[in-house]
Amino acid sequence: MTRKYNFSAGPSALPQAVLEQAQQELLDWRGHGLSIMEMSHRSPEFVSVAEKAEQDLRDLMSIPNNYKVLFMQGGATSQFSMIPMNLLRGKTTADYINTGDWSKKAIKEASRYCDVNIAATTEADNFTSVPTQAELKLNPDAAYVHYTPNETIRGLEFDYIPETGDVPLVADMSSTILSRPVDVSRFGMIYAGAQKNIGPAGLTVVIIRDDLLGDTLPGTPALYDYKVTADAGSMHNTPPTYGWYLAGLVFQWLKDQGGVDAITEVNRRKAEKLYSAIDNCDFYSNPVAHNARSWMNVPFILANADLDKQFLQEAEAAGLLNLPGHRSVGGMRASIYNAVPEDGVDALIEFMLAFARQHG
Ligand SMILES: *Cc1c(COP(=O)(O)O)cnc(C)c1O
């Protein structure tokens with residue numbers, strides 16, 4: 001068996017040590033004679049797994065006690081509708097910052113429930129920059145301010161947390177959670193689909209300040225009500241138990257690596273060396289402003305797009321998988337989440353430089 005380097009944007013690479021542990025425990029979870037997948041979510045065994053996963057995430061992110069951690073389903077996309085349903089709380093308007101494709105999807109969904117005020121957009125420069133704090137036109141009557149700290153498709157990442165005064169800040173951290181430290185107390189709510197930096201698809205993590213629970217829009221389904229989920233310990237119905245278990249293994253793995261501070265240093269190095277390889281070679285380019293370049297998703301284009309197909313074929317032959325850019329933008333994209341080892345980035349850079357020498 002040879003595992004290749006996986007640069008997929010999502011579902012994406014998982015740490016090999018996590019997959020090995022899951023494999024080893026698959027048939028007989030810790031001597032109980034059955035798989036964790038086959039257990040009741042209400043059994044003491046599964047509840048201990050679930051509680052440990054939550055505690056490890058709380059430790060990793062230093063989540064204050066007045067925040068609930070919810071383990072939900074439906075992906076980040078279902079949060080696009082749950083957010084207005086739960087957070088309008090008697091108001092009729094919300095602020096959204098538009099920095100790309102995922103922001104737009106969140107805006108489109110929220111528009112079904114409220115008046116969306118676009119507090120800022122960088123669409124005019126084709127989403128190659130993030131707005132500055134001074135450029136945000138925030139409405140003091142907004143129920144909340146929503147933004148996407150890391151835009152996965154164009155590789156655009158905020159280098160600051162917007163200041164929103166008393167209006168709760170809501171962040172779609174799907175592709176940046178756990179990649180670097182964040183001060184959770186600055187947010188009303190953080191959410192993330194698991195399949196980038198947490199675990200397998202099918203699990204969504206929500207971190208929400210407890211004063212924001214309750215008072216949902218009329219007609220909100222019980223399963224979409226954060227208070228119902230919080231009161232039931234994320235077990236109002238059967239949760240995605242195997243995803244929750246695997247997320248727990250990833251949290252433990254991250255602790256074993258030294259936690260978020262340690263992985264931050266690795267992530268910084270991985271991103272810096274890949275961007276500098278791109279910037280220092282005429283054959284490759286990335287259009288994003290330097291202060292707004294994502295650490296997790298690194299898009300780049302070849303000087304000659306006719307070579308895209310050959311680049312991808314040869315990369316795959318060299319064991320470098322899933323490098324095509326998103327279908328909406330083309331080119332290439334290397335997603336270098338926590339679980340992509342630094343060796344993988346080194347191998348990618350070596351391949352890119354050799355390809356450029358041959359064809360440049
Ligand atoms: C992947 C992604 C989503 C969509 O997640 P689903 O789980 O497919 O709904 C939303 N926002 C961002 C920033 C993403 O990277």
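Counting convention: from 1, in listed order, for ligands and their atoms alike.
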Aromatic rings F187 and Y147: how do their planes relate, parallel, tilted or perpendicular, breaks at 30° and 60°? parallel
Look at the rings of F80 and H146 and say which category their plane angle falls in: under 30° parallel, 30 to 60° tilted, over 60° perpendicular. perpendicular
With atoms numbered from 1 as shown, which atoms in ligand 1 lie under 4.0 angstrom from a non-hydrogen atom of [X]?
| X | result |
| --- | --- |
| S175 | 15 (O) |
| N150 | 13 (C) |
| A76 | 3 (C), 4 (C), 5 (O), 6 (P), 7 (O), 9 (O), 10 (C) |
| K196 | 1 (C), 2 (C), 3 (C), 14 (C), 15 (O) |
| G75 | 7 (O), 9 (O) |

Residue, atom and distance of the protein heavy atom nearest atom 11 (N) of ligand 1 read D172 OD2, 2.6 Å
Among all protein non-hydrogen atoms, which one is nearest to atom 9 (O) of ligand 1, and what is the separation to 0.1 Å?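 Closest protein heavy atom to atom 9 (O) of ligand 1: T77 OG1, 2.5 Å.
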Nearest heavy atom to atom 8 (O) of ligand 1 wins, so pick from E151, K105, Q195.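 Among E151, K105, Q195, the closest heavy atom to atom 8 (O) of ligand 1 belongs to Q195.
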Is ligand 1 under 4.0 Å from a heavy atom in the side chain of [X], in the backbone, in both, or in neither?
| X | result |
| --- | --- |
| S174 | side chain |
| T152 | side chain |
| T204 | neither |

Hey, what else clusters with L27 if you join Ile, Leu, Val, Met, Phe, Trp, Tyr whenever side-chain heavy atoms sit under 4.5 Å?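 Reading the cluster by chain and number, L27 sits alone, since nothing else belongs.
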Looking only at atom types and distance, does a side-chain atom of K270 sit under 3.5 Å from a main-chain N or O of G344, one as donor and one as acceptor? no
Shortest non-hydrogen contact from A17 toward W253: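 So the minimum-distance heavy-atom pair works out to CB-CD1, 4.2 Å.
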What pair of heavy atoms forms the shortest contact from L213 to I208, and how long is it? CD2-CG2, 4.0 Å
Any chance the side chains of S103 and T99 put a donor and an acceptor closer than 3.5 Å?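 Side chains of S103 and T99: pair found under 3.5 Å.
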Indicate yes or no: does an N/O atom of G193 lie under 3.5 Å from an N/O atom of ligand 1?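 No.
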Measure from NZ or CZ of K52 to the centre of the six-membered ring of W244 and say whether it is under 6.0 Å with the direction within 45° of the ring axis. no
